[in-house]
Amino acid sequence: MVVNGKTRVCAIIGDPVEHSLSPVMHNAAFKELGLNIVYVAFTVTSTELKDAVLGAKSLGLRGLNVTMPHKNAVMSHLDAVDSTAESIGAVNTVLNDQGKLIGYNTDGRGAMIALQENGVYPEEKKMVLLGAGGAAKAIAHQAAQDVDELVILNRTPEKAEQFVVERHRAFEVVGAERDISNH
Ligand SMILES: NC(=O)c1ccc[n+]([C@@H]2O[C@H](COP(=O)([O-])OP(=O)(O)OC[C@H]3O[C@@H](n4cnc5c(N)ncnc54)[C@H](OP(=O)(O)O)[C@@H]3O)[C@@H](O)[C@H]2O)c1
């Protein structure tokens, strides 16, 4: 593509971020779709996060992906956060909607789509989730809307217990009524 005056910019922010495959994947997708957008990676430290988000807004970046360690902290610098991201407590995608920065979390939905693309359909099944960290939280949020039972296995049992308590609370907020248990 030719970069010109109408080229829009998307970026991933994180620290570290140089290892990220996101620029390669997104630029390939933009090329395939014929979109005049480039995707770059910006190393942003925690102390720079607020300025980076405000800068992205001022410069009219089309969107941001957010990776570690900013997925939680970025939320307080956005204009709005959608209900799924709010419930998970983390944002991995920011859309610049005509100057308004809106945060989303696509981690859980992406994981469920990846399962389906590989012929795994968890609807009404028992699902075992390994881990109780940020990624597990996003996947649990999405999976709980489909599966009959969700089992959390984690190295640190206390974190699994806390995870289950928090997820129960979160599901009440979004109205899901599924079993979730820790083992
Ligand atoms: N869209 C994506 O593809 C996507 C999105 C998010 C994250 N990720 C990837 O998913 C991974 C997890 O990310 P996260 O944000 O969930 O991290 P996290 O919040 O730090 O959680 C890490 C989880 O792994 C467990 N763990 C860590 N070291 C372990 C060990 N040596 N033995 C057994 N369990 C161990 C932790 O257990 P304890 O509770 O016992 O510490 C915890 O459950 C990372 O590799 C990340 O890059 C991918």
Side-chain angles (χ1 to χ4, degrees), residues 8-15 17 20-23 25-26 29-30 33 35 37-42 44 46 48-117 121-123 127 129 131-147 150 152 162-180:
R8 304 293 306 273
V9 177
C10 288
I12 180 167
I13 58 170
D15 183 22
V17 79
S20 174
L21 295 176
S22 289
M25 290 192 293
H26 284 90
F30 294 150
L33 294 167
L35 297 174
I37 306 177
V38 292
Y39 188 108
V40 291
F42 291 127
V44 173
S46 295
E48 295 166 335
L49 180 62
K50 183 180 179 186
D51 287 345
V53 173
L54 291 175
K57 191 176 190 174
S58 305
L59 294 171
L61 265 64
R62 184 69 183 91
L64 292 173
N65 285 129
V66 183
T67 189
M68 296 308 291
H70 305 316
K71 286 187 174 190
N72 309 112
V74 75
M75 295 172 76
S76 58
H77 305 305
L78 303 177
D79 298 305
V81 173
D82 100 310
S83 59
T84 297
E86 185 79 52
S87 173
I88 296 165
V91 158
N92 75 339
T93 302
V94 177
L95 178 70
N96 184 349
D97 186 9
Q98 297 179 336
K100 192 175 171 192
L101 298 184
I102 306 169
Y104 298 91
N105 191 309
T106 63
D107 282 339
R109 190 153 170 264
M112 299 307 276
I113 290 172
L115 286 180
Q116 287 167 11
E117 285 177 352
Y121 298 92
E123 285 81 6
M127 178 185 271
L129 202 48
K137 204 183 278 186
I139 294 168
H141 182 91
Q142 194 72 30
Q145 295 167 38
D146 295 328
V147 300
L150 192 52
I152 311 297
Q162 185 187 347
F163 183 101
V164 170
V165 170
E166 281 176 8
R167 289 301 87 200
H168 270 300
R169 210 178 296 135
F171 296 146
E172 279 167 19
V173 172
V174 298
E177 295 175 5
R178 298 287 185 187
D179 284 342
I180 176 169

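All figures in this text were calculated on a predicted structure; none of them were measured in a lab.
A pairwise comparison of heavy atoms in H141 and Q145 identifies O-NE2, 3.2 Å as the closest pair. When all heavy atoms are compared, the tightest approach of A80 to K100 is CB-CE, 4.2 Å. Across all non-hydrogen atoms, the minimal contact from A132 to F163 is O-CD1, 3.5 Å. The two residues V164 and I152 make their nearest non-hydrogen contact at CG2-CG1, 4.2 Å. Here the closest heavy-atom approach between residue I37 and residue C10 is recorded as CG2-SG, 3.8 Å. When every heavy atom of G103 is checked against every heavy atom of L78, the shortest pair comes out as CA-CD1, 3.7 Å.
Between the R8 side chain and the G60 main chain, a donor and an acceptor come within less than 3.5 Å of each other. Not a single donor-acceptor pair under 3.5 Å links the side chain of H70 to the backbone N or O of V66. The backbone N or O of T84 sits nowhere less than 3.5 Å from a side-chain atom of S87 that would complete a donor-acceptor pair. A donor-acceptor pair is defined here as one N or O able to donate and one able to accept, closer than 3.5 Å; such a pair exists between the side chain of D79 and the backbone of L101. Remark: side-chain polar atoms of N96 are paired, donor with acceptor, to backbone N or O of L61 under 3.5 angstrom. Distance alone, capped at 3.5 Å, places no donor-acceptor pair between the Q142 side chain and the A138 backbone.
Of the options V9, L95, D97, a side chain to side chain contact (heavy atoms under 4.5 Å, CB included) to R62 is made by L95 and by none of the others.
To the nearest 0.5 Å, atoms CE (M112) and CD1 (I139) are separated by 8.5 Å. Taken from CE in M68 to CD1 in I13, the straight-line distance is 12.5 Å, to the nearest 0.5 Å. Atom OG of S58 and atom CG of D51 lie 10.0 Å apart (nearest 0.5 Å). The line from CD1 of I88 to CE of M75 is 9.0 Å long, rounded to the nearest 0.5 Å. Summarising the geometry, atom NE2 belonging to H77 is positioned 8.0 Å from atom CG belonging to L54; distances are rounded to the nearest 0.5 Å.
Under the side-chain contact (heavy atoms from CB on, under 4.5 Å) criterion, T106 pairs with N92, T93, sequence neighbours left out. Residues satisfying the side chain to side chain donor-acceptor pair (under 3.5 Å) criterion with N72, sequence neighbours excluded, are absent altogether.
Remark: D107 does not engage K137 in a salt bridge, criterion side-chain N to carboxylate O under 4.0 Å.
Inter-residue side-chain proximity for V91 and V81 is flagged as met; some heavy-atom pair is nearer than 4.5 Å. Looking at heavy atoms from C-beta onward, D15 lies in side-chain contact with P69 at the 4.5 angstrom threshold.
Using bins of under 30°, 30° to 60° and over 60° for the plane-to-plane angle, the ring pair Y39/F30 lands in the tilted bin.
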